[in-house]
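Below is one structure, written out as structure tokens, with a few remarks after it.
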Amino acid sequence: MAEPGGGRPVTVSDVQQLVRRKDEIEAQIKACYELLEGQKGVGMHEPLVDAEGFPRSDIDLYQVRTARHNIICLQNDHKALMKQVEEALHKLHAREKEKHAKDEAEALAEAMSQQQSLPQAFARVNTVSPGSPASVSGLQVDDEIVEFGSVNANNFQNLQNIATVVQHSEGRPLSVTVIRGGRRVHVGLTPKRWAGKGLLG
């Protein structure tokens, strides 16, 4: 019996087909054994001749011989089929495993490329005062700042750079880009006087 599907990958329906065939063979073997039982309980090995060496007259010799022959052939088919079922299941599981590994690798590669494409941060937000311009704009603690107006990782030297930009931008919206949870987020921030200290909070 040829391998299911020849060169194409094994599918679940191929395995189901093999199992159906196995069930059919098992039913045929059972039917042959029942036939032998019906012939005075002659099994696979009982002698078919009487004490004097003559063929037994109390059983249908042709039927017994045919049933025995069929059982041997069917058992061989069954053995070969079981091997095929086992191989098909192995291939099916291997393919599932391979697919799972591929999906994981792709997800990992995507995550890596996203991280690589994220710009470098030069500062991290450690506090945001409630009601402050920073809070109103949506800035959050642990946001990593990658762009603050004209300041970025390439030209940032110290926090004085940001203070200068803030003083020159009072009342005017500043474009701020942060990394939050592995994603790039744009925040519109307008430095202005408020109840607390500074123009940002």
Side-chain angles (χ1 to χ4, degrees), residues 1-48 59-126 138-147 152-154 177-187:
M1 205 172 139
E3 183 187 318
R8 70 182 176 76
V10 175
T11 64
V12 174
S13 66
D14 288 332
V15 176
Q16 287 169 339
Q17 213 174 329
L18 287 171
V19 171
R20 273 197 298 275
R21 177 93 185 94
K22 174 189 81 76
D23 293 343
E24 281 166 25
I25 290 176
E26 283 170 0
Q28 287 172 323
I29 291 173
K30 187 168 178 275
C32 289
Y33 271 116
E34 279 169 4
L35 197 142
L36 290 179
E37 274 300 311
Q39 294 289 331
K40 303 221 184 303
V42 175
M44 288 295 285
H45 308 292
E46 281 74 10
L48 301 182
I59 55 173
D60 184 333
L61 288 177
Y62 176 74
Q63 258 197 337
V64 171
R65 284 210 175 104
T66 306
R68 284 182 173 181
H69 173 75
N70 286 346
I71 287 173
I72 291 166
C73 292
L74 287 166
Q75 281 178 334
N76 287 338
D77 285 352
H78 186 263
K79 200 172 163 187
L81 198 62
M82 288 308 289
K83 194 165 182 285
Q84 276 192 305
V85 169
E86 199 181 328
E87 280 173 13
L89 284 170
H90 274 305
K91 284 180 186 169
L92 205 60
H93 288 310
R95 208 169 74 241
E96 281 302 311
K97 213 168 155 186
E98 205 176 283
K99 185 178 174 296
H100 183 67
K102 195 171 156 224
D103 288 349
E104 273 192 349
E106 279 173 8
L108 191 69
E110 197 180 320
M112 293 289 282
S113 73
Q114 265 193 350
Q115 278 184 339
Q116 283 166 3
S117 66
L118 288 174
Q120 195 186 341
F122 59 83
R124 182 192 290 270
V125 177
N126 46 23
L139 260 187
Q140 294 177 10
V141 173
D142 284 337
D143 280 351
E144 296 181 317
I145 299 171
V146 289
E147 274 177 12
N152 58 36
N154 299 328
T177 305
V178 299
I179 294 170
R180 182 181 299 158
R183 286 188 139 66
R184 192 194 292 225
V185 179
H186 295 286
V187 178

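Only a predicted model underlies this, so the values are computations on that prediction, with no experimental measurement involved.
To the nearest 0.5 angstrom, Thr11 atom OG1 is 12.0 Å from Lys91 atom NZ. Between the NE2 atom of His100 and the CD atom of Glu98 there is a distance of 13.0 Å, given to the nearest 0.5 Å. Between Gln16 atom CD and Leu18 atom CG the span is 10.5 Å, to the nearest 0.5 Å.
The heavy-atom pair separating Arg124 from Glu144 by the smallest distance is NH2-OE2, 3.1 Å. Across Gln75 and Tyr33, no two heavy atoms sit closer than the pair NE2-OH, 3.6 Å. Annotation for Ile71 and Cys32: closest pair CG1-CB, 3.3 Å, computed over non-hydrogen atoms. Closest approach of Leu48 to Val64, counting heavy atoms only: CD2-CG1, 3.7 Å. Closest heavy-atom contact between Leu92 and Val10: CD1-O, 3.2 Å. Residue Gln120 comes nearest to Ala153 through the heavy atom pair O-CB, 3.6 Å, listed as atom of the first residue, atom of the second, then distance.
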Pair Asp143-Val185, side-chain contact (heavy atoms from CB on, under 4.5 Å): steps then yes or no: CA-CA 9 Å; Asp143 280 351; Val185 179; over 6 Å; no
Step-by-step salt bridge (Lys or Arg N to Asp or Glu O under 4.0 Å) determination, Glu34 to Lys30: CA-CA 6 Å; Glu34 279 169 4; Lys30 187 168 178 275; 3.2 Å; yes
Stepwise salt bridge (Lys or Arg N to Asp or Glu O under 4.0 Å) test for Lys22 and Glu26: CA-CA 6 Å; Lys22 174 189 81 76; Glu26 283 170 0; 3.2 Å; yes
Trace of the side-chain contact (heavy atoms from CB on, under 4.5 Å) decision for Val85 with Arg21: CA-CA 10 Å; Val85 169; Arg21 177 93 185 94; over 6 Å; no
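Counting only heavy atoms from C-beta outward, the side chains of Gln140 and Val125 never approach each other to under 4.5 Å. Using a 4.5 Å heavy-atom threshold, the side chains of Met82 and Glu86 count as separate. Taking the side chain as every heavy atom from C-beta outward, Gln17 and Arg20 approach each other to under 4.5 Å. Put simply, the side chain of Glu104 does not reach to within 4.5 Å of the side chain of Leu108, judged on heavy atoms. Using a 4.5 Å heavy-atom cutoff, the side chains of Gln63 and Thr66 are not in contact.
Between the side chain of Arg184 and the main chain of Thr177, no donor-acceptor pair closer than 3.5 Å is present. Side-chain atoms of Arg180 never come within 3.5 Å of backbone atoms of Asp142 as a donor-acceptor pair (strictly under, hydrogens ignored). Although no hydrogens or angles enter the test, the distance criterion places no donor-acceptor pair under 3.5 Å between the side chain of Asn76 and the main chain of Cys73.
For His186, the NE2 atom sits in a packed shell: over 12 heavy atoms of surrounding residues, nucleotides or ligands are nearer than 6.0 Å.
Between Glu87 and Lys83 a salt bridge is recorded (basic side-chain N to carboxylate O distance below 4.0 Å).
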